[in-house]
Amino acid sequence: MDTERLFFLREEHDLTQEDVGKIVGTKKFSVCNWESGKEIIPLVKLNEYANYFNVSMDYILKLDNCKTKKHCCNIALDKNLIGKNIKEFRKSNNLTQRQLADILNTTHSVIWAYETGKTMILTAFAYQMCKKFGLSMDWLCGRTKNSMD
């Protein structure tokens with residue numbers, strides 16, 4: 001996952017890693033690890049970055065090069081809505097939970113937990129779905145209405 005835009009957004013706004021840590025509610029160490037790619041940014045923190053810098057999650061993750069938001073709204077993530085979107089995507093592509101689990105290299109029960117809102121999808125799995133199937137991370141996370149926008 002390419003996270004260099006985390007760094008560039010911070011630099012563009014003349015913020016330190018400590019500043020961003022305070023903004024998204026974490027330590028400077030975590031921000032450093034996300035920017036360097038040593039750790040994957042949690043989806044909730046990615047959403048907070050997008051909200052604060054007024055850009056799309058797709059832009060941050062280089063799924064899209066358009067810096068401005070496309071009908072995104074500043075929201076808190078809802079794992080039930082994300083689960084609904086995962087299920088909608090899976091069914092519209094005639095995939096079973098097991099098939100999607102195989103694609104993401106996980107188990108059927110993990111997909112079930114995501115779809116039922118029991119668990120927040122991991123950033124790595126969400127990113128992998130978006131890359132493989134051309135989905136918008138903002139749509140998957142309920143920030144936009146269109147799966148390709």
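Every value quoted in this text rests on a predicted model; they were computed, and no experiment measured them. Note: hydrogens, waters and symmetry copies are ignored here, and every other heavy atom, side chains too, is used.
Nearest heavy-atom pair across Glu48 and Val24 is OE1-O, 2.7 Å. The shortest heavy-atom contact between Ala124 and Ile40 is CB-CD1, 3.7 Å. Taking both residues in full, the closest heavy atoms of Leu63 and Lys131 are given as CD2-CD, 3.4 Å, listed atom of the first, atom of the second, then distance. Nearest heavy-atom pair across Met129 and Ile86 is CE-CG2, 4.3 Å. Scanning both residues, Thr123 and Pro42, for their nearest heavy atoms gives OG1-C, 3.3 Å. Heavy-atom minimum distance, Cys66 versus Ser56: O-OG, 4.2 Å.
Distance SG/Cys141 to NZ/Lys79: 14.0 Å, rounded to 0.5 Å. Between Lys38 atom NZ and Ser30 atom OG the span is 12.0 Å, to the nearest 0.5 Å. Rounding to the nearest 0.5 Å places CG of Leu9 at 10.5 Å from CD of Glu4. We find the NZ-CG distance between Lys84 and Leu140 to be 11.0 Å, quoted to the nearest 0.5 Å. One finds the OH atom of Tyr114 at 8.0 Å from the CG atom of Leu104 (value rounded to the nearest 0.5 Å). To the nearest 0.5 Å, atom NZ of residue Lys22 and atom CD of residue Gln17 are 13.5 Å apart.
Under the 3.5 Å distance criterion, the side-chain polar atoms of Asp64 are left unmatched by any main-chain donor or acceptor of Asp58. Asn47 places a side-chain N or O within donor-acceptor distance of the main-chain N or O of Ile75, the cut-off being under 3.5 Å. The main-chain N or O of Ile103 is found under 3.5 Å from a side-chain atom of Gln128 such that the two form a donor-acceptor pair. Judged by distance alone, with hydrogens and angles left aside, the side-chain atoms of Lys45 form a donor-acceptor pair with the main-chain N or O of Gly25 at under 3.5 Å.
Residues Cys130 and Trp139 are not in side-chain contact: their nearest non-hydrogen atoms beyond the backbone lie 4.5 Å or more apart. You'll find the side chain of Leu95 reaches within 4.5 Å of the side chain of Phe89, heavy atoms only. Side-chain contact between Leu122 and Leu43 is absent, with no heavy-atom pair separated by less than 4.5 Å. Within the 4.5 Å cutoff, side-chain heavy atoms of Thr16 are placed close to those of Asp19. With a 4.5 Å cut-off on side-chain heavy atoms, Glu39 and Phe29 count as touching. Side-chain contact between Thr119 and Val110: absent, with no pair of heavy atoms (C-beta onward) separated by less than 4.5 Å. Looking at heavy atoms from C-beta onward, Asn51 lies in side-chain contact with Arg143 at the 4.5 angstrom threshold. The side-chain heavy atoms of Met1 and Leu61, taken from C-beta on, include a pair separated by under 4.5 Å.
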Verdict with supporting geometry, Ile41 and Ile60, side chain to side chain contact (heavy atoms under 4.5 Å, CB included): CA-CA 11 Å; Ile41 185 171; Ile60 293 172; over 6 Å; no
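Surrounding OH of Tyr52 are at most 12 heavy atoms belonging to other residues, nucleotides or ligands under 6.0 Å away. Annotation for Asp14: atom CG does not count as buried by contact number, only 12 or fewer foreign heavy atoms lying within 6.0 Å. Shown here is Glu11, whose CD atom has more than 12 heavy atoms of other residues, nucleotides or ligands within 6.0 Å.
Among residue pairs with one or both ends in residues 112-126, those qualifying as salt bridge (charged side-chain N to carboxylate O under 4.0 Å, His left out) are Arg90-Glu115; sequence neighbours excluded.
Cluster membership for Phe7 and Tyr49, using ILVMFWY side-chain heavy atoms within less than 4.5 angstrom, is not shared. In the hydrophobic cluster analysis, where Ile, Leu, Val, Met, Phe, Trp and Tyr join through side-chain heavy atoms closer than 4.5 angstrom, Met120 is grouped apart from Leu81. Hydrophobic cluster membership is shared by Phe125 and Phe133, with clusters built from Ile, Leu, Val, Met, Phe, Trp and Tyr side chains linked at under 4.5 angstrom.
Using the six-membered ring where Trp is involved, His13 and Phe53 have ring planes that are tilted, between 30° and 60° apart.
When the options Leu46, Thr26, Thr3 are evaluated for a side chain to side chain contact (heavy atoms under 4.5 Å, CB included) with Trp34, the one that passes is Thr26.
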